[in-house]
Amino acid sequence: MEKLSNGVRDHCLISDYVSPSAPAPLKQPFVIGVAGGTASGKTTVCNMIMSQLHDQRVVLVNQDSFYHSLTKEKLNKVHEYNFDHPDAFNTEVLLSCMEKLRSGQPVNIPSYDFKIHQSIESSSPVNPGDVIILEGILVLNDPRVRDLMNMKIFVDTDADVRLSRRIQRDTVERGRNIQNVLEQYTKFVKPSFDEYIQPSMKYADIIIPRGGDNDVAIDLIVQHIRTKLCQHNLCKIYSNIFIISSTFQIKGMHTLIRDINTTKHDFVFYADRLIRLVVEHGLGHLPFTEKQITTPTGSVYTGVDFCKRLCGVSVIRSGESMENALRACCNGIKIGKILIHRENNDGRQLIYEKLPKDISSRHVFLLDPVLASGYSAVKAITLLLSKGVPESHIIFLNLIAAPQGIHALCKKFPMLKIVTSEIDSSLNEDSRVIPGLGEFADRYFGTNNINSKVSSLSTNLKLRS
Ligand SMILES: Nc1ncnc2c1ncn2[C@@H]1O[C@H](COP(=O)(O)OP(=O)(O)O)[C@@H](O)[C@H]1O
Ligand SMILES: Nc1ccn([C@@H]2O[C@H](COP(=O)(O)O)[C@@H](O)[C@H]2O)c(=O)n1
Ligand SMILES: [Mg+2]
């Protein structure tokens, strides 16, 4: 029995396969969760993020809006009520509001009055946005709420700072006195922080130390949200793009290979690490067969057998940098080559090809680390199709892709799969990826000593100043 593996599809929100002629799927908003202890600066951070994302439709949803209103009996004993316990919130209503917003429907979100401990029905509905920020002390605690999020942030501020801010805020804005605040803090706020909030930090993708004081972190996060939004939007349109899950390790490797000052040695080292991850991810898209084997203990283990009819095809020169990683993962794999000449911005000429004779019966990994306009990749894929390779048997492995290249490939070849590690923002007038990393092949093979150019440039600058 041969079936297609799909274990890697969940790295970005992906709707079902859509052919170019099919109607575009409903665009789901990008959901960011912001958690952290009381007075850590969650609301402040959210407001800063929102003001920087002014060109997007951003909706802020506060977990506070979903506090249960206190009954008369509970109001009489309000000092015994734990507002920091997960049960203090009506999470069912929160989930249903979030679902509605995610599916593009306007929703009535209650507003909460901290002075009277009551929730008030809102009269005007909140409209869905491109981005939903869900903020609150316990938004990372419940797995159902976490599952709604595309990005999770934890604001990590020192407990002493939080307590002093809380005293100030609650006495000024929430109708409390210092004694109330301190009693509530010792009895409920701190124990619940230790039991529910602090442990939820492990689910965060990003931790912001010092909250709103940390301008650098906020700028980086906004930049990261913009990259993610672009990826998210492309993944929503095309189901055949797979972006390896972004971690700070991967972001760090990208930072190094994109840096103009990185030496050739480091460039090769970190590019190789990233290439290996992309190749491993690409292998997950190959068909497999179920296989039973016997272990040395005499037990039967039901596993899978790798697909063996494979080959690689590298686009000379930069694609050749990916061959070693492919060989390291697939022992003895055949690798063909294609040389395409760039005549002008949109003209491409096939100069040379050497492909396995039986390529039509193989799954093909097409290797090119940078996808810019997509003209070269279209030329390469057209050649593979003319050799009889089914479109669905081609997996394009890539490190950095521009949205223009993705549109070009996905529209023309809807059955092709693209595995990449980051999608950049645009192309410049020369059809180079922006921010990109320059000429990949020159930097990888050391054919253009970029660092000596930089040092002569900086010498010039020093001389002039
Ligand atoms: N960096 C900061 N410096 C000084 N005061 C701050 C800072 N960040 C927040 N505050 C104040 O502390 C209080 C709590 O901040 P807020 O953002 O509302 O936290 P949270 O939403 O996590 O409870 C507010 O009164 C706010 O004005
Ligand atoms: N009636 C209420 C409801 C909640 N609280 C406290 O609010 C805190 C959460 O809000 P933050 O803006 O600080 O995140 C939480 O720690 C509750 O103790 C309250 O005092 N009264
Ligand atoms: Mg708040």
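Quantities reported herein were computed from a predicted structural model and do not represent experimental measurements. When a ligand or atom number is given, it counts from 1 through the structure's own listing order. Excluded from the calculations below are hydrogen atoms, water molecules and symmetry mates; all remaining heavy atoms, backbone and side chain alike, are included.
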Heavy-atom proximity to atom 4 (C) of ligand 2, picking from Tyr81, Phe188, Tyr67, points to Tyr67
Would you call Asp272 and Arg276 a salt bridge, taking side-chain N to carboxylate O under 4.0 Å as the test?
-> no
The answer for which part of Lys42 has a heavy atom under 4.0 Å from ligand 1 is both
Quick one: does Thr43 get an N or O within less than 3.5 Å of an N or O on ligand 2?
-> no
Mind telling me whether Tyr444 and Phe267 have parallel, tilted or perpendicular rings, with 30° and 60° as the class edges?
-> perpendicular
Please indicate whether any nitrogen or oxygen in Gly212 is less than 3.5 Å from any nitrogen or oxygen in ligand 1.
-> no
Test item: Ile133 and Val31 side chains (from C-beta on) under 4.5 Å apart, heavy atoms | no
Heavy atom of the protein closest to atom 11 (C) of ligand 1 (residue, atom name, distance) = Arg165 CD, 3.9 Å
Mind checking whether Arg210 has an N or O less than 3.5 Å away from an N or O of ligand 1?
-> no
Ligand 1-proximal atoms of Glu135, by part, heavy-atom distance under 4.0 Å = side chain
Is the Tyr196 ring parallel, tilted or perpendicular to the His85 ring (thresholds 30°, 60°)?
-> perpendicular
Regarding Thr302 and Glu290, is there a side-chain donor-to-acceptor distance under 3.5 Å anywhere?
-> no
Gln184 near ligand 2, heavy-atom distance under 4.0 Å?
-> yes
Decide whether the shortest distance between a heavy atom of Arg169 and an atom of ligand 2 is less than 4.0 Å.
-> yes
What about Thr38: any of its N or O atoms under 3.5 Å from an N or O on ligand 1?
-> no
Is there a side-chain contact between Leu95 and Val145 (heavy atoms, below 4.5 Å)?
-> yes
Between Thr38 and Arg166, does any side-chain donor sit less than 3.5 Å from a side-chain acceptor?
-> yes
